[in-house]
Every structure is written in C-alpha cells, then in structure tokens.
**Q** 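Dropping the structure in here first, questions after.
Note that the numbering runs from 1 along the sequence shown for the chain. Computation of the quantities below employed the complete heavy-atom set of this structure, encompassing side-chain atoms and omitting hydrogens, waters and symmetry-equivalent molecules.
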Amino acid sequence: MNWNIKKEIINLREKEKGFKLTKRGGDVSILLIYPNAYSVSINNLGYVGIYEIFNKCQGILCERAYIPNDWRKRTDFRLYSIESFKSLSEFDALAFSVSFELDFLNIVYILSRENIPLFSYERDDSYPLIVGGGIALSANPEPLADIFDILFIGEGEELVKEFSEYLIFKKEKKLNKKEFFEILKNVEGIYIPSVEQKLPIKRRIYLNFENDPMVSPIISENAVFSNMALCELVRGCKYQCRFCLAGYFYRPYRSSTIEVINKKLKEFYDFSPKIGLIVPAIDPNLNLREIENMFCNGEVLLSFSSLRLEDINEDLLSLIEKSGQKTVTIAPETGTDRLRIVLNKGFSNEDILNFVNKLKNYKIKTLKLYFMLGLPTEKSEDIEGIYSLVREIRKLNPKVEISVSFSTFIPKPHTPFQWEKMENEEYIVSTQKVLSEKLREIKRVRIEMEDYFWSFWQGVFSRGDRNLNKLWKEIYENKEISVSILKKSMRNNEDLFLNYLNKKDKNDVLPWDVVDTGVRKDYLWREREKAYEGKLTMACRKNCNACGVCT
C-alpha cells in the first residue's frame, strides 16, 4: 500500500467523532463505497446511516471507502478501506451508495482501476459481489443494470438487515452467485438484472421513520458541513413540485421529532455536536419552540433545501437568525407566476418581494435564488421575468448580497414531467448568455451557471438504458474519465442520446418502468395535464387515495 494514501486515510480517520467500529471481524465483510470525495461522503446521511446499520447486524463487518480529491492526477490510484486499509478484493461484497447520476462514471472508473471485470456476467465467484443503492440507482437502475449483481430499490433501513442475513446464509451454505440470486430474487426491493424476476420491482418504504429517523453517526472537520451531525427530521416532501424526483420517490411524507433525534444522537456522541436539521420544506407542524430551546448552547444550524414562501413567518425567520445563519435560500425556479403554477409552486413574485422586505429586519447577509432553464412551456417573458425579479429584489433590499444559480431542467423519472423533453445546448447556452449580460447590470449579484455539458450527461444517465454499456466499456478500457471520450461518445451516439432526452408519449415504455414507486402512472400523467392547464395541486395529506402510495 502506498504510504501517502495510508497517511491520508489515517489523518481523516483521526478527525472523526461519533460511531466507532469495534468489530475485528465478521462472517461476511462488506466495503461500502461512496464514489465521490470524502468530504461529501461523510455528509451523505444515506451512506453513513447504512454503514452504521450494516455494522449492527450480527456477523457483518462493514467498512468504508471514498475517492481521494486528487484521484485524477494519481498514477497510483487505488481504493482502500478507511478502517483497516484493505483492498477491494479482500471483501465479500462491494456496495456502492449513489446519490448523483454523474457518479456513474466514477463507479466504472473504480472497477477499471481495480481490475474487476465490468459486467456482472464476466465476474465469477472469485470476485466480490457488486451491489448498489441510493436514489440515483433506485430511480432508474437500467443504465448500470448489466454492471451490478444486485440493486437495492428504495429505502434501505430494513432491506440492509434482510440482505445481511441472506449474505451470511450464502457463505454458510457456500452458494455460488446463481444459487444466491435464486433465493434472493423474491425479496421486495431487490433487483437482480441478470435473472428473471417479476417486474416491476416494488420500492421499499421504511414506515418506522417517525421512531427511527436517520442522523449522522459520524462527524468530521473534513466534511462539507464541518463537525456537524445532520439529522433527517422529515423524509419526503408534502409539496408536489412536478419536476422533483425526491418529492415523488420518497412518498409517503413522514416526520419525526427533535426528542427522537436527540435520543439517537446520544447513541453516537458523548457530547452535544452541532446539529443540522435537514428539511426539504417547512412543515407547519414543526415545533419551532422545541427547536428554539436547543439554541441555548448554539448547537443547531437549520438547513432547508429551500424555503416555501407560503410557509414563512416571523417565528421561522427569528429562528434562522438565532441559529447564526447569514444566508437564506429560496427557489423561485422561474421569473413569472404563470410558469411557477405549471411547476405547482403557488407563491407569486409579490410573495417573494414581501419576503425580501421582511429580511431587512434580520441579520441576513446573502440571499440565494435558484432558477431552472428549459422548463416545460417556458417562454421569453419567463426569462425576462427572472431579470426583472432580481432587479426588484435589489431595489427593495440594497444591502443584501444576491447569489443567483441557474441549472438546466432535466425531466426526471417518476415525476409528472418524465415525458417532457430536455432542451438542447443552443437554447440553454444562448439563454444563459442573455441572463448573464442582463444580471451583470445589477450591483452585487453573483451568478452561477451550470455547465450544459454536464447537465446533458446527467440527463442521459438519469433517463438512459442498457445501451449505455458501450460508453461504460470505453471508459473502462481507457482507465480514465476524460472529456474527449465523452465528446466522442456524443458524436457517435447522437441519435441514441437525443432519444433519451426527447419528449415521450403517454404509452411509451420507459426504461425506469422496471421500478414501481407506488405512485400510479395515470396520476403522474394527470398532474402533467394540470400543469399545461395552469392548475395547482394541493399539498399531500395523510391517507388520501390520490396517487396510490397510501392506498
């Protein structure tokens, strides 16, 4: 093992606090790989939460691995476990936790550099099982279906425990892969692409979330959120934004309590760590007083993916200020009320400006605004509306710094917009240019534009199928992820990729139809129709029969 790599791992490990792996061995060994940087992995609740669950299973020893920050420059690139410096070949199973489609590239690269055959049918029983999970793989497993032996579809809390028992049984009975797949193929939430299964695969849902929410079992100063324990106060989102995968994939909406979270944190820490509460949107049922009581030690930072304007009140703004946050984020998504209704966002530009006016009474230094370009029914006036809205915000609050981020709309699987097209490069780049020029006329506005090149690939990977095997093979054989390889693939497979990104018809068979999220397809189509009709849909409520999940 290269000493520099070992030194880096030791340095990272020594700065970790919380859950410590005390096992020295187990009947089955698993390496849980996050195919991205350490700083990101340690703040991924699904990854570190599953790590802790695996290690609670009797007979299982689970260790972790990540990709070094400078991995592209390294000729000695290898992965080793954080806990014992073992190489990949020393484990019974390699489990990848995948939250982002672009990390598909990193998975192929890892297998290539470790000389593990790329496709499942090429690997005999001398190689570790290759297992995958996480929302990026669960939503549409088909792009990597021929690479993975086994894929987890849905939420993993209970699935991990069941899978662990099967792994131990496999080792005890000395089952080969084929025999193992036969006994595993009927487990709900398990997808084994190489065998005949009853399709679609039903998504696993963890219904005990209220009593057992995920919290960070490990914190580190090297994390994106340094020395902070992230806590999943709610799972899913009651709002039905028609572009949002998480809002549909993580149904039903579930919430826990601060009391339960505190109890779990005490299992891992003998001190009070800083706490980041992850909430996709504000829930009126959240006990803000209960949260405020935790600020006496300055130990809480609220983290909202974005604030819903219709739910913001003075109590919440006061709470954000007391937490020490200097930045507030909202997601207008577009510049006009009309297009916002298409997305099922019911607040108006007037609501946004009223909110900005309120911010003057609080110590907020930066206002972040998230927008998307290429949305369904988008017109030139919607783009002009973005500039006008930012200009009005600046007039209303001259002191706050404005950060404006633009991403490209990607029609995600299992959403009402899954049938829509993704706009082409010419449209997005020209629109970005117009907005950049206009917004630069406004003082103290920072602009971030997502590179269309990577948006394109995110769209291809999220909507693709097994025809991507040719690309994976080329990356594998070249042992590198290069822009030149991707550009060459774009030229050689233009028709295939454009087909992935083109508009779909109602009765088209989609690659991700192999997954049953519980949300009926006719419900999604009706939501799409309502978008074009300019109609809003009310927030989710418990035990309704509308979409099918709670039936």
Side-chain angles (χ1 to χ4, degrees), residues 101-102 104 136 139-140 142-143 240-249 333-336 338-345 370-383 385-386 406-435 449-465 467-468 471 486-487 489-513 515 519 521-535:
E101 290 88 357
L102 291 178
F104 291 1
N140 180 16
E142 285 306 289
Q240 304 195 61
C241 296
R242 294 176 176 129
F243 59 85
C244 181
L245 170 60
Y248 286 87
F249 195 82
E333 310 297 359
T334 185
T336 63
R338 180 203 68 81
L339 184 49
R340 217 169 283 122
I341 290 173
V342 170
L343 306 180
N344 205 42
K345 288 204 163 193
Y370 288 155
F371 294 95
M372 281 194 287
L373 303 178
L375 289 160
T377 79
E378 186 173 274
K379 302 174 184 177
S380 58
E381 50 261 42
D382 301 306
I383 302 303
I386 294 173
F406 294 94
S407 61
T408 299
F409 163 70
I410 296 170
K412 291 284 189 171
H414 309 295
T415 69
F417 287 160
Q418 66 179 352
W419 292 278
E420 302 301 319
K421 70 173 182 177
M422 179 175 164
E423 278 292 355
N424 59 39
E425 182 176 14
E426 182 182 2
Y427 173 84
I428 296 297
V429 172
S430 62
T431 305
Q432 288 176 338
K433 184 179 179 182
V434 168
L435 280 166
M449 293 287 184
E450 189 176 71
D451 187 337
Y452 183 83
F453 179 81
W454 294 111
S455 300
F456 171 86
W457 285 110
Q458 187 184 346
V460 168
F461 296 161
S462 67
R463 298 173 61 80
D465 55 23
N467 287 312
L468 286 167
L471 171 62
L486 293 174
K487 284 184 175 179
S489 184
M490 288 171 76
R491 291 192 300 270
N492 295 342
N493 301 280
E494 184 178 7
D495 290 343
L496 174 67
F497 296 156
L498 288 180
N499 181 56
Y500 292 152
L501 304 182
N502 281 343
K503 188 174 181 178
K504 306 298 180 186
D505 293 328
K506 180 180 181 180
N507 296 319
D508 283 350
V509 177
L510 306 171
W512 50 91
D513 285 343
V515 171
V519 180
K521 214 170 177 179
D522 65 320
Y523 176 82
L524 295 176
W525 183 262
R526 177 57 187 147
E527 278 299 304
R528 179 183 181 274
E529 289 179 325
K530 289 177 72 175
Y532 280 88
E533 292 164 2
K535 295 179 179 178

**Q** Measure the acute angle between the ring planes of Phe371 and Phe406, then classify it against the limits of 30° and 60° as parallel, tilted or perpendicular.
**A** parallel
**Q** Mind checking the CG-CE spacing from Leu435 to Met449? Nearest 0.5 Å is all I need.
**A** 5.0 Å
**Q** Quick one: does any side-chain atom of Glu527 pair with a main-chain N or O of Tyr523 as donor and acceptor, under 3.5 Å?
**A** no
**Q** Can a side-chain donor-acceptor contact be found between Tyr427 and Glu378 if the only test is distance below 3.5 angstrom?
**A** yes
**Q** With the threshold set at 4.0 Å, does a side-chain nitrogen-carboxylate oxygen contact exist between Arg526 and Glu529?
**A** yes
**Q** Are the ring centres of Trp457 and Phe497 closer than 6.0 Å?
**A** yes
**Q** Measure the shortest side-chain to side-chain distance between Phe456 and Ile428 over non-hydrogen atoms and say whether it is less than 4.5 angstrom.
**A** no
**Q** Taking side chain as C-beta onward, heavy atoms only, is Leu373 less than 4.5 Å from Gln432?
**A** yes
**Q** Below 4.5 Å, heavy atoms only, C-beta onward: do Leu486 and Leu471 meet side chain to side chain?
**A** yes
**Q** Say you draw a straight line from CD1 of Ile383 to OG1 of Thr431; how long is it, rounded to the nearest 0.5 Å?
**A** 5.0 Å
**Q** By the definition side chain to side chain contact (heavy atoms under 4.5 Å, CB included), identify the one residue from Thr415, Asn344, Leu343, Ile410 that meets it with Phe243.
**A** Leu343
**Q** I'd like to check Pro416 versus Gln240 (side-chain heavy atoms, cut-off strictly below 4.5 Å). Are they in contact?
**A** no
**Q** Please examine the side chains of Leu510 and Arg463, heavy atoms only from C-beta on, and report whether any two atoms are closer than 4.5 Å.
**A** no
**Q** So, for Tyr532 and Pro376, which heavy atoms are closest and what is the spacing to 0.1 Å?
**A** OH-CB, 4.1 Å
**Q** Name each donor-acceptor pair under 3.5 Å that joins a side chain in residues 498-507 to protein atoms two or more places apart or in another chain, with its distance.
**A**
residue	atom	partner	partner atom	Å
Tyr500	OH	Asp465	OD1	2.5
Asn502	ND2	Leu498	O	3.2
Lys504	NZ	Asn499	O	2.3

**Q** Looking only at heavy atoms, which two atoms of Ser462 and Pro413 are closest? And how far apart?
**A** O-CG, 3.3 Å
**Q** Do any pairs count as a salt bridge (charged side-chain N to carboxylate O under 4.0 Å, His left out) and have a residue in residues 489-502, sequence neighbours left out, and if so which ones?
**A** none
**Q** Using 30° and 60° as the class limits, which term best fits the ring planes of Phe417 and Phe409: parallel, tilted or perpendicular?
**A** perpendicular
**Q** Do any N or O atoms from the side chain of Arg340 and from the backbone of Thr334 form a donor-acceptor pair under 3.5 angstrom?
**A** yes
**Q** Donor-acceptor pair, distance only, cut-off 3.5 Å: does the side chain of Asn140 make one with the backbone of Glu142?
**A** yes
**Q** Measuring from atom CG of Leu468 to atom OG of Ser489, what distance do you get when rounded to the nearest 0.5 angstrom?
**A** 8.0 Å
**Q** When you look at Gln458 and Met422, which way does the side chain to side chain contact (heavy atoms under 4.5 Å, CB included) test go after all the steps?
**A** CA-CA 11 Å; Gln458 187 184 346; Met422 179 175 164; over 6 Å; no
**Q** Rounded to the nearest 0.5 Å, what's the gap from OH on Tyr248 to NE2 on His414? Could you check?
**A** 13.5 Å
**Q** Any chance you could lay out the side chain to side chain contact (heavy atoms under 4.5 Å, CB included) test for Leu375 and Val342, step after step, and finish with the verdict?
**A** CA-CA 9 Å; Leu375 289 160; Val342 170; over 6 Å; no
**Q** Scan residues 409-435 for pairs that pass salt bridge (charged side-chain N to carboxylate O under 4.0 Å, His left out), counting only residues two or more places apart or in two chains.
**A** Glu101-Lys412, Glu420-Arg528, Lys421-Glu423
